[in-house]
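One structure below.
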Amino acid sequence: MFVPARGGDPVTGSAGAADTGVRPSVAVSPDAMLIRRTLDEIEPVADKVTSYFYALLFVHHPDLRALFPAAMDVQRDRLFKALLTSVKNVDDTGYITDYLSHLGRGHRKYGTLPEHYPAVGECLLSALARYASGTWNPEAEAAWVRAYTTISQIMIDAAAEDEAVAPAWWQAEVVSHELRTPDIAVVTVRPDQPYPFLAGQYASVETPWWPRVWRHYSFAAAPRSDSLLSFHVKAVPAGWVSSAMVHRARPGDVIRLGPPSGSMTVDHTTDNGLLCLGGGTGIAPIKALVEDVAERGHRRPMEVFYGARSGHDLYDLDTMLRLEQSHPWLSVRPVVATGRPDGPANSLSGQLPDAVRQYGPWREYDAYLSGPPGMIRNGVDALVGVGIPSDRIRHDSVDELVAAGD
Ligand SMILES: NC(=O)C1=CN([C@@H]2O[C@H](COP(=O)(O)OP(=O)(O)OC[C@H]3O[C@@H](n4cnc5c(N)ncnc54)[C@H](O)[C@@H]3O)[C@@H](O)[C@H]2O)C=CC1
């Protein structure tokens, strides 16, 4: 069943592929042609198709309603994005297997079972038949049946394999909650079982206050010997989970975590310098990357540009400056959008990508970006513009950051 999350997207490491959703240079099969024609037809009415699909699903299979959140707005968008990514790339076997395996494993935390897949497939095909009437015919239907069968089998198999080695979710008790600004909190939790992850990754999080609503937060520290995990959370308007994490969560509360995801991790096979752009709470995984490099004990130049709207919003600057003092290979530059009078004495003024352009050269660096989607898009353009090849620029999927919306 498609209930994709940012966690389901293994394309996050590559700036180019992550943003288009379509992989280049793979021959297009007749099935893929038929599928794309259907998709082209329904794309302008995607909202209607997904609403109709869910209406069918819940009417015909009311028992499945309990697997989904009460409010379905974000969910609808996620379904369509995952569907598009899957079927558009149906001919790229390696890519699609990675993507769907990840998605299948990520679905375990929703309680998805193998028998749910045929129900979803049936309703999906009915929704397509209704809204793609111009291109829907027996050939198109047969192509969709084949594609959906392949997709669901990969997801089912990956979930079954994962069951042998990892829990479907982890429970984690809040052990500290520190309000850094009126709307940003550092939340530290203790998972109930070992939680293996890499610096730069993120987890999906469900709070007790909004059951079945999962949102993604990057780990704000590299794996620690005491097994604690930290997240930096900013409460945003209409962000139910983030508001609950900032304003309601207290020590003793128990949240649920999905498996770790994301490939914005340090490439330890090279000695390249690391250029990091962290905007707002996007500084959290950058801090984890700094700790990761420090733990390796391998001196590589690391240049962090830490951007915020105002000096007041640089809520983790002290931590970053302490790290800079302890590590001679690390440089941290605060960048304040509103300019100097508002920021610390040594801060740069303006938007992060512009600040980075003033320094360099960066050609020999690997780049890492974390923050709001607009910053990532403009940042990638700026970095490609100063000569960093896009395969050495890492960030989480912008599509999924937008879809998370919280
Ligand atoms: N792994 C990741 O990519 C993570 C992403 N985030 C995201 O980071 C965001 C943090 O929000 P806030 O703290 O409110 O950030 P913000 O809106 O205050 O912006 C932070 C920085 O990004 C710059 N920026 C914003 N929009 C820009 C644009 N269009 N072009 C160039 N620069 C731009 C700002 O100038 C500022 O320096 C959230 O959207 C959150 O989802 C947070 C943690 C991890």
Side-chain angles (χ1 to χ4, degrees), residues 5-7 9 11-13 15 18-19 74 180-187 197-205 214-221 230-239 241-243 245-246 260-265 276-289 304-317 320 332-339 342-344 347-357 367-383 385 393-406:
R6 196 171 106 199
D9 190 348
V11 299
T12 51
D19 288 345
V74 174
R180 291 283 183 87
T181 74
D183 54 8
I184 296 177
V186 175
V187 183
F197 73 100
L198 299 172
Q201 289 192 302
Y202 54 84
S204 41
V205 170
W214 294 81
R215 293 291 184 265
H216 305 102
Y217 299 101
S218 296
F219 302 107
S230 284
F231 304 101
H232 295 179
V233 187
K234 180 171 182 174
V236 292
V241 176
S242 61
S243 293
M245 288 284 278
V246 173
S261 287
S263 51
M264 198 184 69
T265 51
C276 301
L277 280 64
T281 45
I283 197 64
I286 302 294
K287 172 176 163 279
L289 297 181
V304 175
F305 289 78
Y306 176 13
R309 292 177 211 192
S310 70
H312 176 72
D313 295 315
L314 290 167
Y315 66 93
D316 212 28
L317 186 59
M320 294 307 294
V332 176
R333 294 192 181 86
V335 184
V336 174
T338 45
D342 202 18
S347 60
L348 307 167
S349 303
Q351 300 280 31
L352 268 176
D354 300 325
V356 171
R357 275 200 208 93
Y368 296 82
L369 301 99
S370 161
M375 185 283 270
I376 294 184
R377 287 197 195 95
N378 290 335
V380 168
D381 288 348
L383 298 177
I393 301 176
R394 295 185 176 212
H395 60 82
D396 291 330
S397 160
V398 172
D399 274 352
E400 293 288 349
L401 280 170
V402 173
D406 196 331

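Below, all heavy atoms of this structure are taken into account, side chains as well, without hydrogens, waters or symmetry copies. As the structure lists them, so they are numbered: ligands from 1, and atoms in each ligand from 1.
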Taking the non-hydrogen atoms of D396, is any one of them nearer than 4.0 angstrom to ligand 1? yes

Atoms of ligand 1 close to N378 [distance to a heavy atom under 4.0 angstrom, numbered from 1]: 28 (C), 29 (N), 30 (N), 31 (C)

Counting only heavy atoms, tell me which of A308, S242, G279 gets closest to atom 37 (O) of ligand 1. A308

Can you sort out which atoms of ligand 1 are near P353, meaning under 4.0 Å from one of its heavy atoms? 31 (C), 32 (N)

Once you restrict to heavy atoms under 4.0 Å, what part of T281 touches ligand 1? Side chain, backbone, both or neither. both

Gap between atom CD1 of I283 and atom NE2 of H232 - 0.5 Å precision: 9.0 Å

Residue G282 vicinity, atoms of ligand 1 by number, heavy atom under 4.0 Å: 42 (C), 43 (C), 44 (C)

To which of H216, K234, M375 does the heavy atom nearest atom 27 (C) of ligand 1 belong? M375

Tell me whether the centres of the aromatic rings in F219 and F231 are closer together than 6.0 Å. yes

Quick one: does G371 get an N or O within less than 3.5 Å of an N or O on ligand 1? yes

Evaluation steps, side chain to side chain contact (heavy atoms under 4.5 Å, CB included), between T281 and Y315: CA-CA 9 Å; T281 45; Y315 66 93; 3.7 Å; yes

Element-labelled atoms of ligand 1 that are located less than 4.0 Å from some non-hydrogen atom of G374: 28 (C), 29 (N), 30 (N)

Under 4.0 Å, heavy-atom basis, I'd like to know which part of P372 is in contact with ligand 1: side chain, backbone, both or neither. both

Only one of D354, V335, V356 forms a side-chain contact (heavy atoms from CB on, under 4.5 Å) with L348, so which one is it? V335

